[in-house]
Amino acid sequence: PSTWKVPMPQTSLDVLDGKNTIETDAMDAVLRTAPLTTYPLTDSGGTEKIKYALSGEYLNQDGIVINSNFKRYSLRANVDAQLSKRLSVKLNLNPSYTDAHVVSASGTGTGPAESVIGMAAAANPFYPLYDKNGNYFVYTGQDASADLLNPVALAKEIQNRRKGMRLLGNVSAKYDITDDLDINIMLGG
């Protein structure tokens with residue numbers, strides 16, 4: 001093999017000779033079962049003049065790539081009030097808060113948005129994910145590998161957290177001028 005036009009890398013020869021028995025599944029190291037947890041709560045009630053409906057929810061979704069997840073806290077409130085014989089008011093509010101740990105999982109694996117999945121698919125199984133000191137194995141400059149980022153390090157060490165707050169709502173008022181004519185005003189955002 002050393003006399004070939006393109007010599008075989010020593011690491012590959014070691015695997016063929018049984019000297020390198022490392023068998024790493026990088027994809028298995030970066031993927032996981034991703035449970036979804038949700039807790040909804042609702043209540044409604046009122047009187048003839050004022051009716052309400054409230055609901056809230058907590059959602060927690062782990063991502064299939066390690067260190068990725070999404071959480072959402074949401075609330076919905078609806079109030080209908082008959083303030084007088086001719087005037088009624090309705091209020092609808094829907095605030096939510098999201099918190100996500102985002103891991104770049106898709107793409108080719110190279111360039112400005114390195115992909116955890118792309119790197120794990122390209123990692124040769126005869127190289128470990130961690131060196132003998134417990135540090136991330138460095139794929140750069142290896143004789144039988146393209147220059148890669150360690151997929152576990154990419155998933156665990158790059159912090160990309162996205163938080164968001166959203167408030168949707170509207171209020172409307174209806175005034176009956178006569179039995180056949182009314183005016184309705186709505187404001188929303």
Side-chain angles (χ1 to χ4, degrees), residues 9 11 15 20-44 52-79 91-171 187-189:
T11 304
V15 170
N20 181 340
T21 58
I22 296 169
E23 193 171 326
T24 302
D25 187 345
M27 199 68 79
D28 191 45
V30 297
L31 297 178
R32 65 181 175 185
T33 301
L36 168 72
T37 306
T38 182
Y39 297 102
L41 214 67
T42 61
D43 187 30
S44 61
Y52 70 90
L54 296 171
S55 63
E57 181 184 61
Y58 167 71
L59 177 128
N60 184 4
Q61 169 69 63
D62 284 341
I64 62 167
V65 176
I66 58 173
N67 202 34
S68 66
N69 69 346
F70 176 80
K71 292 180 183 178
R72 181 181 64 220
Y73 307 85
S74 59
L75 179 68
R76 181 177 206 101
N78 298 323
V79 178
L91 172 70
N92 299 304
L93 287 176
N94 187 0
S96 66
Y97 172 76
T98 58
D99 184 3
H101 288 101
V102 181
V103 173
S104 178
S106 62
T108 60
T110 60
E114 285 86 5
S115 159
V116 171
I117 302 298
M119 295 291 172
N124 287 320
F126 46 78
Y127 286 123
L129 291 168
Y130 300 94
D131 66 18
K132 61 184 176 187
N133 298 322
N135 299 314
Y136 295 117
F137 180 79
V138 178
Y139 289 88
T140 305
Q142 300 299 324
D143 65 348
S145 174
D147 287 346
L148 303 172
L149 296 175
N150 186 306
V152 176
L154 192 59
K156 288 185 173 182
E157 303 302 328
I158 295 178
Q159 300 297 314
N160 184 4
R161 193 165 186 187
R162 294 183 192 158
K163 295 181 181 185
M165 182 73 168
R166 182 181 72 173
L167 175 62
L168 301 174
N170 63 55
V171 62
L187 177 66

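Atom set for the values below is all heavy atoms of this structure, side chains included, hydrogens, waters and symmetry mates excluded. Heads up: numbering here begins at 1 and tracks the sequence.
For N150 and Y130, the side-chain atoms include no donor-acceptor pair closer than 3.5 Å.
In this structure, OG in S55 is found 7.0 Å from CG in L75, a value given to the nearest 0.5 Å. To the nearest 0.5 Å, atoms NZ (K156) and CD1 (I66) are separated by 5.0 Å. L91 contributes atom CG, which lies 8.0 Å from atom CG of N78 (distance to the nearest 0.5 angstrom). Summarising the geometry, atom CG belonging to D62 is positioned 10.5 Å from atom OG1 belonging to T33; distances are rounded to the nearest 0.5 Å. Note that OG1 of T140 is 7.0 Å distant from CG of L149, once rounded to the nearest 0.5 Å.
The two residues P151 and M119 come nearest to each other via the heavy atoms CB-CB, 4.0 Å. Heavy-atom minimum distance, L167 versus P95: CD1-CB, 3.7 Å. Between T24 and P128, the closest heavy-atom pair is OG1-CA, 3.6 Å. Nearest heavy-atom pair, A26 versus A120, reported as atom, atom and distance to 0.1 Å: CB-O, 3.7 Å. Closest non-hydrogen pair, H101 versus N67, comes out as CB-O, 3.5 Å. The shortest heavy-atom contact between V152 and A29 is CG2-CB, 3.9 Å.
With Q61 as the partner, the side-chain contact (heavy atoms from CB on, under 4.5 Å) test is satisfied by one option alone out of T37, L36, N69: L36.
For F137, the ring pair (Phe, Tyr, Trp, His ring centres under 6.0 Å) partners two or more places apart in sequence, or in a different chain, are Y127, Y139. Shown here are the side chain to side chain contact (heavy atoms under 4.5 Å, CB included) partners of N160, two or more places apart in sequence or in another chain: V102, R162.
With hydrogens and angles ignored, the 3.5 Å screen pairs a side-chain donor or acceptor of D131 with a backbone N or O of N133. Panel note: side chain R76, backbone N92; no donor-acceptor pair is recorded below 3.5 Å.
Two residues are said to be in side-chain contact when any heavy atoms from C-beta on lie closer than 4.5 Å; I117 and M27 meet this criterion. Contact annotation: the side chain of P35 never approaches that of N60 to less than 4.5 Å [non-hydrogen atoms, C-beta and beyond]. Side-chain contact check for Y97 versus K71: every heavy-atom pair is 4.5 Å or farther apart. For the pair L41/Y58, no side-chain contact is recorded, criterion being any heavy-atom separation below 4.5 Å from C-beta on. The closest side-chain heavy-atom distance from V65 to L31 is below 4.5 Å.
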